[in-house]
4 protein chains.
Amino acid sequence: MGVVKSKRMPRAVRERQMMDAAVRTFGQLGYRAASMDEIAELAGVSKPLVYLYLNSKEELFTACIRREAKALAEAVRAGAQPGLPADRQLWAGLNAFFTHTAENPDGWAVLHRQARTHGEPFASEVAAMRDEIVAFVTGLIGAAAREAHRDRALPDRDVAGLAQALVGAAEALAGWANDTPGVSAKEAAATLMNFSWAGLENLMNGRPWQAQA
Amino acid sequence: MGVVKSKRMPRAVRERQMMDAAVRTFGQLGYRAASMDEIAELAGVSKPLVYLYLNSKEELFTACIRREAKALAEAVRAGAQPGLPADRQLWAGLNAFFTHTAENPDGWAVLHRQARTHGEPFASEVAAMRDEIVAFVTGLIGAAAREAHRDRALPDRDVAGLAQALVGAAEALAGWANDTPGVSAKEAAATLMNFSWAGLENLMNGRPWQAQA
Amino acid sequence: MGVVKSKRMPRAVRERQMMDAAVRTFGQLGYRAASMDEIAELAGVSKPLVYLYLNSKEELFTACIRREAKALAEAVRAGAQPGLPADRQLWAGLNAFFTHTAENPDGWAVLHRQARTHGEPFASEVAAMRDEIVAFVTGLIGAAAREAHRDRALPDRDVAGLAQALVGAAEALAGWANDTPGVSAKEAAATLMNFSWAGLENLMNGRPWQAQA
Amino acid sequence: MGVVKSKRMPRAVRERQMMDAAVRTFGQLGYRAASMDEIAELAGVSKPLVYLYLNSKEELFTACIRREAKALAEAVRAGAQPGLPADRQLWAGLNAFFTHTAENPDGWAVLHRQARTHGEPFASEVAAMRDEIVAFVTGLIGAAAREAHRDRALPDRDVAGLAQALVGAAEALAGWANDTPGVSAKEAAATLMNFSWAGLENLMNGRPWQAQA
DNA sequence: AATGAATGAGTCTTCATTCAT
DNA sequence: TATGAATGAAGACTCATTCAT
């Protein structure tokens with residue numbers, strides 16, 4: 001009878017709308033600068049409904065972090081194809097990572113920029129996902145080490161550092177690819193693969209990592 | 001006996017106290033979460049004096065970014081020793097970088113975490129310094145490529161991408177080293193040097209980059 | 001027993017209460033000296049509600065000016081009776097004007113004293129209404145000149161000047177009548193009618209304008 | 001020895017500089033919007049010196065009102081030439097008034113707009129000057145009445161009302177003359193003289209007041 | 001399931017005013 | 001005579017959050 005305002009939707013749908021709005025707002029403005037008013041309006045609902053479903057700004061932000069972390073981890077997991085050699089697995093994982101972050105810039109911003117910037121309830125929330133990536137890389141390196149028949153694996157802390165460096169390089173390349181016209185996500189992935197797998201010395205001596213080799 | 005809350009200090013001194021307090025507060029809480037009240041109290045002065053000298057929260061934050069960016073850039077410039085081979089220069093520069101960020105964790109947090117997270121007057125402020133460091137690394141990689149006497153130098157865009165990756169990795173490792181107890185600047189530098197120079201494949205095959213070689 | 005601080009009223013009602021409080025406060029203290037706290041308290045609501053409905057101090061003041069200007073212009077329009085001879089119309093209009101300003105002293109103070117004293121967004125807001133009244137008086141004087149069957153009508157610019165003088169005198173008298181106990185609207189109107197219609201010379205020679213003549 | 005900064009001036013001179021700056025600032029911005037900082041800077045002295053000489057913002061404003069009121073009253077007194085017939089005296093007084101206010105717009109703004117807008121210490125301060133003008137007009141009318149050999153003078157309250165109307169008309173005409181290109185101060189004075197002395201009826205019947213008659 | 005009405009608490013910013021020299 | 005250094009108090013504005021329906 002008149003304007004349809006899409007009311008009375010099932011809870012799950014409404015919740016998803018709110019989370020979408022929240023991820024977008026948090027990702028673009030940050031935790032503090034984002035306001036519940038803005039999120040509610042972007043979600044097309046009233047503020048009390050947001051509170052009814054998600055309780056508080058803090059819980060809402062936490063829920064966003066969890067959702068996006070899960071989605072990213074799953075994307076990387078799904079992209080990497082177990083059974084391939086370690087370098088091909090890394091290549092596949094990086095491609096999945098770059099593709100997912102390019103398609104979900106706000107989610108990535110929430111995870112990478114915002115969650116780590118705002119103190120304690122949140123930082124440890126992201127740590128879980130970081131640990132998962134670290135575990136993925138660790139596993140890769142372990143597998144590679146076994147392939148190479150080496151007895152001594154790299155120490156754990158070294159692996160954690162390498163994972164940090166890899167993610168940092170990936171994020172920098174993602175930003176650079178976005179800002180530099182003509183650089184595709186795949187090219188960025190190749191650059192990172194070369195950088196991380198072959199190392200600068202090999203690159204300078206004409207021995208890059210070969211995707212097809 | 002105890003700290004005398006000394007009064008009537010010359011402007012330059014007070015300004016430095018305020019900036020110190022601001023860097024610490026902004027670095028730990030972020031731009032939005034930090035309050036001018038908190039900064040003033042930490043500096044041991046009243047709020048109006050902060051405004052009298054530094055005009056506004058935005059200008060204060062910008063001043064912090066500029067001061068810390070300048071200090072970091074100068075530290076890296078001073079650490080790198082022109083004349084050495086490229087890998088030794090890189091090693092020296094990384095050491096200077098990680099040492100400075102370890103000694104100024106709040107300043108580094110302001111630059112890396114906070115300034116880039118909080119929109120536009122600030123992001124471009126840091127970008128300038130970052131570009132300077134990227135240019136430095138780009139030069140290093142180019143020089144190394146020439147030293148290798150290869151006929152075909154790496155294409156410019158590849159070099160730029162590698163530099164971005166290297167700087168991104170360094171940034172991530174600096175944050176990680178600050179947050180992880182027991183990781184020294186030298187260890188972080190070594191991890192990154194191995195990662196970037198030798199590459200993962202060499203690492204896993206027991207052929208790391210050798211600082212003394 | 002006593003005023004119940006009733007809650008949960010419809011927006012339109014609350015808005016009117018706020019505007020009433022604002023007109024009173026602005027009229028008595030001026031734009032700068034009036035505080036939003038004071039207005040909110042006088043309206044019986046919390047400050048955020050004032051902001052929710054009226055956005056800012058500036059918009060609130062502007063809204064007050066518009067409301068009071070509209071009310072005054074309508075009162076004068078309704079009071080003047082087209083069809084009467086010019087002097088009778090003027091007399092009727094003046095009576096309406098002085099009656100309205102006497103009944104709405106704060107509104108009049110907002111228009112005459114405060115709005116014109118506080119710079120540019122506001123001054124031009126009142127100017128529109130003032131011009132409307134000046135145009136009304138200009139028309140009256142022109143009509144009266146035509147009624148007098150004179151061949152040479154007064155030059156336009158002279159008429160405009162006279163209208164300005166008349167309105168200015170009316171404005172001053174309204175303020176004076178409000179501030180001086182015991183001066184009724186009718187007395188003010190009579191004083192001005194004598195002054196403007198008969199002129200000082202006639203007054204001093206015992207020939208005032210006669211309402212009934 | 002370097003820049004002359006005009007220091008160590010006698011107190012009277014410094015005080016005049018401060019008052020000049022204050023009149024200008026108060027006149028343009030109003031009592032509340034004017035800041036002591038601004039006044040001190042415009043006067044070319046430090047703030048504590050303003051306080052040393054003039055004690056407080058309130059006293060400073062009061063001093064401004066007194067100075068400007070005295071100057072205006074003296075200008076009008078000096079312009080009016082006792083001994084002339086009443087209408088010529090009024091003409092001379094109006095000319096002096098218009099001339100003075102045109103030459104001292106800030107002083108006039110302080111008296112007319114600002115002082116009356118800001119509550120009680122100040123309003124009564126201006127009242128003194130208003131009374132002086134009322135007394136001037138009253139005297140004129142009394143003289144004219146004697147010239148006309150009338151026994152009964154106009155009641156006091158009527159005279160006060162007439163003075164209010166006259167000043168109101170004068171201020172309106174001053175504003176109008178300033179805003180309308182080509183209208184000189186003298187023309188404005190003539191318009192007001194006609195309006196107030198001859199009255200509208202006489203004007204419309206071709207019997208204006210004659211400056212030379 | 002959903003919302004219009006409402007607020008306590010806090011943040012940035014300004015200003016008149018004083019102290020020590 | 002003159003000022004650089006400093007602050008208490010207040011004011012505009014925002015926001016996360018709740019209540020009544």
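To find a chain, count down the sequence lines: A is the first, B the second, and so on, and within it residues start at 1.
- For the pair C:Arg14 and E:dA5, the criterion of a side-chain N or O lying under 4.0 Å from OP1 or OP2 is not met.
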Nucleotides 14-21 of chain F: protein proximity per nucleotide (B base, S sugar-phosphate only, - neither; heavy atom, under 4.0 Å): BBSBBB--
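- By the ring-ring contact (aromatic ring centres under 6.0 Å, His included) test, C:Tyr51 is found to be paired with no residue, residues two or more places apart in sequence or in another chain being considered.
- One atom, CD of A:Glu15, and another, P of E:dA1, lie 11 Å apart when rounded to the nearest Å.
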Base-pair map of DNA chain E as dot-bracket, where | denotes pairing with a different strand and pairs are Watson-Crick or G-U under 3.5 Å: .||||||||||||||||||||
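- Atom pair C:Leu49:CG and E:dG4:P shows a separation of 14 Å (rounding to whole Å applied).
- For C:Arg67, the side-chain contact (heavy atoms from CB on, under 4.5 Å) partners two or more places apart in sequence, or in a different chain, are C:Arg16, C:Met19, C:Asp20, C:Val23.
- One atom, CE of A:Met18, and another, P of E:dA1, lie 11 Å apart when rounded to the nearest Å.
- One interatomic measurement links the two molecules: CD1 of D:Ile39 to C1' of E:dT14, which rounds to 15 Å at whole-angstrom precision.
- The nearest pair of heavy atoms linking C:Ile65 to C:Ala115 is CD1-CB, 3.6 Å.
- Rounded to a whole Å, the CG atom of A:Leu54 is 14 Å from the P atom of E:dA1.
- In this structure, C:Leu60 places its CG atom 15 Å from C1' of F:dG11, rounding to the nearest Å.
- Two residues are said to be in side-chain contact when any heavy atoms from C-beta on lie closer than 4.5 Å; A:Leu60 and A:Asn55 fail this criterion.
- Between B:Met9 atom CE and F:dA5 atom C1' there is a gap of 11 Å when expressed in whole angstrom units.
- Under the side-chain contact (heavy atoms from CB on, under 4.5 Å) criterion, C:His112 pairs with C:Trp108, C:Arg116, C:Glu171, sequence neighbours left out.
- Within 4.0 Å (heavy atoms only), C:Arg11 reaches sugar-phosphate atoms of the nucleic acid but no base atom.
- Pairs engaging residues 53-63 of chain B under the salt bridge (Lys or Arg N to Asp or Glu O under 4.0 Å) rule: none recorded [sequence neighbours left out].
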Name the atoms and distances for all side-chain donor-acceptor pairs under 3.5 Å in residues 34-45 of chain B, with sequence neighbours left out.
residue: B:Ser35; atom: OG; partner: B:Asp37; partner atom: N; Å: 3.4
residue: B:Ser35; atom: OG; partner: B:Glu38; partner atom: N; Å: 3.0
residue: B:Asp37; atom: OD2; partner: B:Lys47; partner atom: NZ; Å: 3.3

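- Between the C1' atom of E:dA16 and the CZ atom of D:Phe26 lies a distance of 11 Å, rounded to the nearest Å.
- Shown here are the ring-ring contact (aromatic ring centres under 6.0 Å, His included) partners of C:Tyr53, two or more places apart in sequence or in another chain: there are none.
- Legend: residues meeting side-chain hydrogen bond (donor to acceptor under 3.5 Å, both in side chains) with A:Asp106, ordered by chain and number and at least two apart, are absent.
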